[in-house]
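Owing to the predicted nature of the structure, the values given are computational and were not obtained by experimental measurement. This chain uses plain numbering: 1 for the first residue, then up along the sequence.
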Amino acid sequence: MSNSAAAAVLTTTDLPEAIRAVRTLLGMADIGRGEVDFEAVIRSPDVLAHVRHVLPDLEWWALAGKQHGSSEAGDNPADCLPIRVFDWGRPLDRAEPFIAAMGPDPAAVRWDLEAWPAVPEAGLEAISQKYAYLTLTVNSRDLYQDEPSRDHTVHVHARDRNGDQTARVHWLAGHVGGRFTGRVESAPL
């Protein structure tokens with residue numbers, strides 16, 4: 001399994017602001033064959049009901065461990081709360097309904113992009129799908145829902161062939177009213 005460096009470019013308590021930033025960044029990316037992945041911790045029956053409306057065949061397991069319940073075993077997730085969700089390869093149009101369904105519970109939504117295109121006037125080369133991602137953490141400071149918080153963070157993954165992403169990260173941050181603070185997390189792909 002390879003890793004990607006997720007650089008935080010915008011942190012805000014205003015979820016609509018974070019979603020606007022994501023939309024702006026998606027507008028700058030090549031999303032031709034893009035898809036979206038979800039990770040979350042669902043604690044309440046209400047949130048679970050909303051999420052299952054968006055993703056009826058949700059992949060999950062009990063936060064206490066798979067032996068306490070999982071989608072694989074055909075268990076009822078409502079009987080196993082809190083649960084951890086790992087759902088991959090969904091259509092892009094599922095992202096915003098999923099975010100809305102999460103309410104106060106923590107989640108990470110990752111857009112797998114086709115590419116970050118070249119920006120010759122900024123001296124940026126194209127970055128292939130292998131290193132082109134965008135993640136929004138909702139109600140969490142980190143990618144893994146280990147640090148619940150009341151804010152939301154937009155992370156960009158943009159490593160070029162030399163392994164550097166700094167120039168692209170600063171450029172993207174500037175387009176969403178954010179700034180790269182130097183906070184980077186390693187994200188498994």
Let me confirm one number: the [atom1]-[atom2] distance from [X] to [Y], rounded to the nearest 0.5 Å.
| X | Y | atom1 | atom2 | result |
| --- | --- | --- | --- | --- |
| Arg168 | Phe180 | CZ | CZ | 14.5 Å |
| Arg20 | Leu10 | CZ | CG | 10.0 Å |
| Ile99 | Leu15 | CD1 | CG | 6.5 Å |
| Met102 | Gln145 | CE | CD | 7.5 Å |
| Ile127 | Tyr133 | CD1 | OH | 12.0 Å |
| Leu113 | Glu35 | CG | CD | 10.5 Å |

With heavy-atom distances below 4.5 Å as the criterion, would you say the side chains of [X] and [Y] are in contact?
| X | Y | answer |
| --- | --- | --- |
| Val47 | Pro104 | yes |
| Ser71 | Leu58 | no |
| Ile31 | Trp111 | no |

*Derivation of the side chain to side chain contact (heavy atoms under 4.5 Å, CB included) call for Asn139 and His152*: CA-CA 6 Å; Asn139 302 313; His152 321 287; 3.2 Å; yes
For the residue pair [X] and [Y], what are the closest heavy atoms and their distance?
| X | Y | result |
| --- | --- | --- |
| Ala8 | Thr153 | CB-CG2, 3.7 Å |
| Ala6 | Leu143 | CB-CD1, 3.8 Å |
| Pro16 | Asp14 | CD-OD1, 2.8 Å |
| Arg183 | Arg141 | NH1-O, 2.9 Å |
| Leu48 | Pro77 | CD2-C, 3.7 Å |
| Asp75 | Trp60 | O-CZ2, 3.3 Å |

_Test item: side-chain donor near acceptor, Ser149 and Asp151, under 3.5 Å_ = yes
*Does a donor on one side chain and an acceptor on the other come within less than 3.5 Å for His157 and Thr135?*
yes
*Using a strict cut-off of less than 4.0 Å between a Lys/Arg side-chain nitrogen and an Asp/Glu carboxylate oxygen, indicate whether Asp57 and Arg90 qualify as a salt bridge.*
yes
*So does Glu39 pair up with Arg110, basic N to acidic O under 4.0 Å?*
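Salt bridge absent between Glu39 and Arg110.
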So, does [X] use its side chain to make a donor-acceptor pair with the main chain of [Y] at under 3.5 Å?
| X | Y | value |
| --- | --- | --- |
| Asp112 | Val36 | no |
| Asp30 | Pro117 | no |
| His175 | Trp171 | yes |

_Residues, nucleotides or ligands: over 12 heavy atoms within 6.0 Å of Glu72 CD_ = no
*asked:* Checking Thr137 against Asp142 for the side chain to side chain contact (heavy atoms under 4.5 Å, CB included) test, could you report, in this order, the C-alpha distance in whole Å, the side-chain angles of both residues, the deciding distance, and whether it holds?
replied: CA-CA 7 Å; Thr137 55; Asp142 69 315; over 6 Å; no
_Angle between ring planes, Phe86 versus Trp88, binned at 30° and 60°: parallel, tilted or perpendicular?_
parallel
*Where do Arg23 and Glu96 land on the side chain to side chain contact (heavy atoms under 4.5 Å, CB included) test, with the steps shown first?*
CA-CA 10 Å; Arg23 287 178 184 159; Glu96 288 192 32; 2.6 Å; yes
*Audit row: Leu134, Val154, side chain to side chain contact (heavy atoms under 4.5 Å, CB included) steps and yes/no*: CA-CA 7 Å; Leu134 173 62; Val154 177; 3.8 Å; yes
_Quick check on the hydrophobic clustering: are Leu63 and Ile83 connected, directly or via other members, by side-chain heavy-atom contacts under 4.5 Å?_
no
*asked:* Would a single hydrophobic cluster contain both Phe98 and Val41, if residues Ile, Leu, Val, Met, Phe, Trp and Tyr are joined by side-chain heavy-atom contacts under 4.5 Å?
replied: no
